[in-house]
Chemist: 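My structure is below; once you've seen it, I'll send some questions.
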There are 2 protein chains.
Amino acid sequence: MDHKTLYSYIEPVIALTDDELALLMSCAKMMQLKKGEQLLKEGEVCSAFYLVETGYLRTYYDRDSVAINMNFTFEGDFTANLKSYRDRKPSETIIEAGEDSIIWIFNLREIAEQYDAYPQVSRFIRRLAITQLLTAQEHSALIKLHTPAERYRHIEKNSPQLLQRVSLSQLASYLGVTRETLSRVRAKNN
Amino acid sequence: MDHKTLYSYIEPVIALTDDELALLMSCAKMMQLKKGEQLLKEGEVCSAFYLVETGYLRTYYDRDSVAINMNFTFEGDFTANLKSYRDRKPSETIIEAGEDSIIWIFNLREIAEQYDAYPQVSRFIRRLAITQLLTAQEHSALIKLHTPAERYRHIEKNSPQLLQRVSLSQLASYLGVTRETLSRVRAKNN
DNA sequence: ACACACCTGTGACCAAAATCACAATCGTAT
DNA sequence: ATACGATTGTGATTTTGGTCACAGGTGTGT
């Protein structure tokens with residue numbers, strides 16, 4: 001993939017000049033992952049943002065070997081562990097491929113000293129962060145305001161691709177219920 | 001309150017020059033609120049960040065006249081409705097005083113065109129946003145990973161002032177349980 | 001086609017929390 | 001001190017979702 005194609009993922013977030021794009025590219029590398037391979041392990045410090053080109057990434061807590069999913073990131077979207085990134089603290093979550101995936105890793109820590117000279121790059125990162133975190137806020141509201149059946153219908157309506165690509169068991173922990181409950185919710189909804 | 005005192009709230013977030021501080025002050029005004037008065041109403045577009053000088057602010061959804069609390073902001077902390085602010089969309093949440101309060105309103109929209117000349121101010125705002133949103137992410141994890149009793153103990157340990165200043169009923173919806181359940185949790189914990 | 005691993009559906013049962021109802025307590029203003 | 005409203009505690013009951021157990025499906029690789 002060349003700069004031009006990569007820019008097609010960045011441009012919807014912010015317009016960049018060639019110089020700015022070059023700076024970003026200087027810290028980017030591509031990686032192929034098999035389903036289940038981990039991009040960020042528990043205890044590692046996150047120093048990059050990840051862009052999904054194909055496949056998807058799953059962010060989850062490992063509670064006694066049971067995955068509690070917090071986020072799914074699909075083609076064209078960015079993710080990271082912002083808390084670990086900002087505070088340079090070990091990550092409590094794992095980010096791994098939910099399918100065989102092609103991922104772009106932007107090691108932003110490498111270029112952090114150059115932000116001042118490239119304010120648009122700084123703004124780009126800020127927008128990624130805000131978008132990611134608004135998503136978390138909405139997810140929190142979804143769980144606090146709605147019943148399991150309502151949560152499922154919300155996903156059906158607003159993120160139907162989740163239902164296509166994520167297994168019911170994975171979706172269950174994302175919605176804060178067991179897989180049995182979600183299976184029954186789905187049975188009644190038809 | 002003069003600039004110097006106000007700066008004591010800003011400085012822990014970021015160091016600013018006199019010029020930068022002056023820009024921020026140019027969009028700031030102080031407001032006194034009685035308990036229960038609303039700072040941001042449902043349906044309004046949020047165009048400011050709020051700093052609590054005394055008292056506290058409560059952010060909640062009104063579901064059929066029942067408050068579902070999402071956040072409490074105490075002395076020295078900032079809050080806003082970032083989603084409404086960024087997208088210029090009507091707020092789905094209400095921000096109101098939980099006690100008689102003194103609040104500083106920073107109408108950041110007024111000074112947005114001047115950010116480019118004051119990158120530190122821009123960075124200041126970004127930090128506020130990230131902090132606020134990491135809080136939301138942690139809250140989401142608290143509810144998804146823990147039982148009601150564990151959530152209560154987490155608050156006891158990590159945010160004891162919530163227990164001092166927020167009524168049990170208000171805290172209950174924040175923790176995603178009914179007030180009765182929280183009352184029983186508390187009874188057993190002693 | 002077969003075995004094997006993984007995922008989903010479903011019933012029986014159990015536990016936890018919600019709901020409903022009302023009593024007790026606390027706080028504030030008069 | 002009293003009255004009023006708001007808040008909290010608590011019992012009885014219902015509902016929901018979790019847990020356990022197992023059957024049926026699906027998909028992959030050999």
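Just so it is clear: chains get the letters A, B, ... in the order the sequence lines come, proteins before strands, and each one is counted from 1. Just the heavy atoms: all of them, side chains too, but no hydrogens, waters or symmetry mates, feed the values below. Every value quoted in this text rests on a predicted model; they were computed, and no experiment measured them.
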Chemist: Let me check the geometry of the helix from C/dA1-D/dT30 to C/dT30-D/dA1. What is the bend angle between the axes at its two ends, five pairs each, to 10°?
Modeler: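 Inter-axis angle at the ends, rounded: 40°.
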
Chemist: A side-chain contact here means heavy atoms from C-beta on lying under 4.5 Å apart; do A/M30 and A/I102 qualify?
Modeler: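 Side-chain contact under 4.5 Å: yes.
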
Chemist: For B/R86 and A/T131, which I'm curious about, is there any donor-acceptor pair between the side chains at under 3.5 Å?
Modeler: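 Distance-only check passes for B/R86 and A/T131.
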
Chemist: Expressed in angstrom and rounded to an integer, what is the separation of B/R179 atom CZ from D/dG9 atom P?
Modeler: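 Those two atoms, CZ and P, are 9 Å apart.
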
Chemist: For A/Y9, run the side-chain contact (heavy atoms from CB on, under 4.5 Å) check against A/V52, A/L51, A/D77 and tell me which one passes.
Modeler: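 Only match with A/Y9 under side-chain contact (heavy atoms from CB on, under 4.5 Å): A/L51.
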
Chemist: According to a strict under-4.0 Å criterion, is A/T181 in side-chain N/O contact with OP1 or OP2 of D/dG18?
Modeler: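 So the side chain of A/T181 is within the cut-off, an N or O lying under 4.0 Å from OP1 or OP2 of D/dG18.
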
Chemist: Return yes if a side-chain donor-acceptor contact under 3.5 Å exists between B/S167 and B/Q170, otherwise no.
Modeler: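 Distance-only check fails for B/S167 and B/Q170.
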
Chemist: One pair to check against ring pair (Phe, Tyr, Trp, His ring centres under 6.0 Å): A/F74 and A/Y56. What are the steps and the verdict?
Modeler: CA-CA 5 Å; A/F74 291 97; A/Y56 73 86; 5.1 Å; yes

Chemist: How close or far is atom P of D/dG27 from atom CG of A/D100, stated in whole angstroms?
Modeler: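 Rounded to the whole Å, the gap is 17 Å.
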
Chemist: If we ignore angles and hydrogens, is there a donor and acceptor under 3.5 Å between the side chains of B/E20 and B/T17?
Modeler: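 Side-chain D/A pair, B/E20 to B/T17: present.
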
Chemist: Take atom NZ of B/K144 and atom P of D/dG18, then tell me their distance rounded to the nearest Å.
Modeler: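 So the NZ-P distance, B/K144 to D/dG18, works out to 13 Å.
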
Chemist: Check this for me: does the side-chain of B/R184 come within 3.5 Å of the base of D/dG11 through a donor and an acceptor?
Modeler: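 Answer is yes: a donor-acceptor pair is held.
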
Chemist: Mind calculating the distance between CD (B/E180) and P (D/dA12) to the nearest angstrom?
Modeler: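 Rounding to the nearest Å, CD of B/E180 and P of D/dA12 are 15 Å apart.
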
Chemist: Taking CG from A/L163 and C1' from C/dT8, how many angstroms apart are they, rounded to a whole number?
Modeler: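 Rounded to whole Å, this separation is 15 Å.
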
Chemist: Provide, to the nearest angstrom, the distance between the CG atom belonging to A/L171 and the C1' atom belonging to C/dG9.
Modeler: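 Answer to the nearest Å: 16 Å.
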
